[in-house]
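Some notes on the structure that comes next.
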Amino acid sequence: QVRLVESGGGSVEAGGSLRLSCAASAYIYSTYYMAWFRQAPGKEREGVAALNGDGTEYYLDSVKGRFTVSRDSAKNTLYLEMRNLKFEDAAMYYCAAFRPAPWPAIRSLAMPVSHWGQGTQVTVSS
C-alpha cells in the first residue's frame with residue numbers, strides 16, 4: 001500500500017517544541033525523495049525542510065536553527081523536530097514524496113508531487 005501518514009502535531013505555547021513524524025510505506029521510502037511542507041490559512045503551501053539522499057539538509061530561512069529534519073530508515077520514517085515555535089509556525093504540516101528536485105523548487109513547491117500525507121495540525125498559542 002502506498003501511503004504517507006503524519007503524526008505529532010498539536011497545540012503548544014510559543015517557545016515550545018513538537019516532533020512530527022511521517023511514516024511511509026516501504027515503496028515510497030525507497031523510491032522517492034521526501035520533505036516537509038506547511039500551509040497556513042490564506043497562504044500558499046511552502047517547503048519547510050528536506051533531507052537529500054546524501055544527508056544534506058535544507059530549510060526554509062525562517063526555521064533555520066529551530067527545526068531539524070531527520071530520518072530513520074529502519075522505520076521508513078521522516079521526522080521534523082521543531083523547537084522554539086513561533087506564532088508564524090502555526091499551520092497544517094504535510095510530508096510529501098516526489099522525484100528528486102533542487103531545494104529552490106521544493107521550497108516554492110514548483111515541482112510535481114507524487115504523494116501527499118493527510119497532514120498534521122500545529123497550533124501555537126501565547
Side-chain angles (χ1 to χ4, degrees):
Q1 184 178 3
V2 177
R3 62 182 181 90
L4 291 169
V5 180
E6 301 98 332
S7 62
S11 182
V12 63
E13 291 185 350
S17 301
L18 284 173
R19 187 195 196 202
L20 306 184
S21 300
C22 175
S25 62
Y27 171 76
I28 286 184
Y29 194 86
S30 63
T31 304
Y32 294 94
Y33 190 52
M34 292 169 61
W36 286 100
F37 295 81
R38 69 186 181 187
Q39 187 167 19
K43 294 188 175 182
E44 297 288 322
R45 192 170 297 190
E46 61 183 357
V48 176
L51 187 58
N52 204 346
D54 63 4
T56 303
E57 300 171 21
Y58 300 93
Y59 297 98
L60 185 66
D61 285 348
S62 63
V63 308
K64 285 181 179 177
R66 300 187 297 116
F67 289 14
T68 302
V69 61
S70 62
R71 63 189 173 208
D72 185 337
S73 296
K75 297 181 178 179
N76 296 333
T77 300
L78 185 73
Y79 299 100
L80 185 66
E81 186 79 35
M82 305 185 295
R83 300 176 298 276
N84 190 21
L85 282 160
K86 303 179 179 182
F87 297 122
E88 54 265 38
D89 294 320
M92 184 70 82
Y93 282 72
Y94 301 89
C95 68
F98 45 91
R99 298 300 181 185
W103 171 244
I106 299 170
R107 157 67 180 86
S108 57
L109 198 50
M111 81 295 175
V113 171
S114 299
H115 303 280
W116 285 102
Q118 83 287 353
T120 186
Q121 183 69 45
V122 172
T123 302
V124 183
S125 61
S126 58

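- Taking both residues in full, the closest heavy atoms of Val124 and Lys86 are given as CG2-O, 3.4 Å, listed atom of the first, atom of the second, then distance.
- The shortest distance between side-chain heavy atoms of Met34 and Leu4 falls below 4.5 Å.
- Leu78 contributes atom CG, which lies 7.0 Å from atom OG of Ser70 (distance to the nearest 0.5 angstrom).
- A donor and an acceptor atom, one from each side chain of Tyr79 and Glu81, are nowhere located under 3.5 Å apart.
- In this structure a side-chain-to-backbone donor-acceptor pair under 3.5 Å is missing from Thr31 to Ile28.
- Ala35 approaches Ala50 most closely through the heavy-atom pair CB-CB, 3.7 Å.
- When all heavy atoms are compared, the tightest approach of Glu57 to Thr68 is OE1-CG2, 4.5 Å.
- Rounding to the nearest 0.5 Å places CZ of Phe67 at 14.5 Å from CZ of Arg19.
- Here the closest heavy-atom approach between residue Val69 and residue Ala49 is recorded as CB-CB, 3.9 Å.
- Paired with Tyr93 under the rule side chain to side chain donor-acceptor pair (under 3.5 Å), one option of Gln39, Glu6, Arg38 passes, and it is Arg38.
- Annotation: side chain of Thr56 is not in contact with side chain of Leu51 (no heavy-atom distance under 4.5 Å).
- With hydrogens and angles disregarded, a donor-acceptor distance shorter than 3.5 Å links the side chain of Thr120 to the backbone of Gly9.
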### Query
What's the verdict on side-chain contact (heavy atoms from CB on, under 4.5 Å) for Phe37 and Arg107, showing C-alpha distance, side-chain angles and the deciding distance?
CA-CA 8 Å; Phe37 295 81; Arg107 157 67 180 86; over 6 Å; no

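- Counting heavy atoms from C-beta on, the side chains of Cys22 and Trp36 come closer than 4.5 Å.
- Stacking of Arg99 on the aromatic ring of Tyr33 is not recorded, the 6.0 Å distance cut-off and the 45° axial limit not both being met.
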#### Entry: Criterion side-chain contact (heavy atoms from CB on, under 4.5 Å) on Ser126 and Phe87, from CA distance to verdict
CA-CA 8 Å; Ser126 58; Phe87 297 122; 3.7 Å; yes

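- Taking 4.5 Å as the limit, every side-chain heavy atom of Val63 sits out of range of all side-chain heavy atoms of Met82.
- A pairwise comparison of heavy atoms in Tyr94 and Gln118 identifies CE2-O, 3.7 Å as the closest pair.
- You'll find the side chain of Thr77 stays beyond 4.5 Å of the side chain of Arg71, heavy atoms only.
- With hydrophobic clusters built from ILVMFWY side chains whose heavy atoms lie under 4.5 angstrom apart, Leu60 shares a cluster with Leu80.
- The two residues His115 and Val113 have their closest heavy-atom pair at O-CG1, 3.3 Å.
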### Message
With ring pair (Phe, Tyr, Trp, His ring centres under 6.0 Å) as the criterion, how do Tyr59 and Trp103 come out once you've worked through the C-alpha distance, each side chain's angles and the decisive distance to 0.1 Å?
### Response
CA-CA 9 Å; Tyr59 297 98; Trp103 171 244; 7.8 Å; no

### Message
Applying side-chain contact (heavy atoms from CB on, under 4.5 Å) to Val122 and Leu20, what does each step give before you reach the verdict?
### Response
CA-CA 9 Å; Val122 172; Leu20 306 184; 4.2 Å; yes

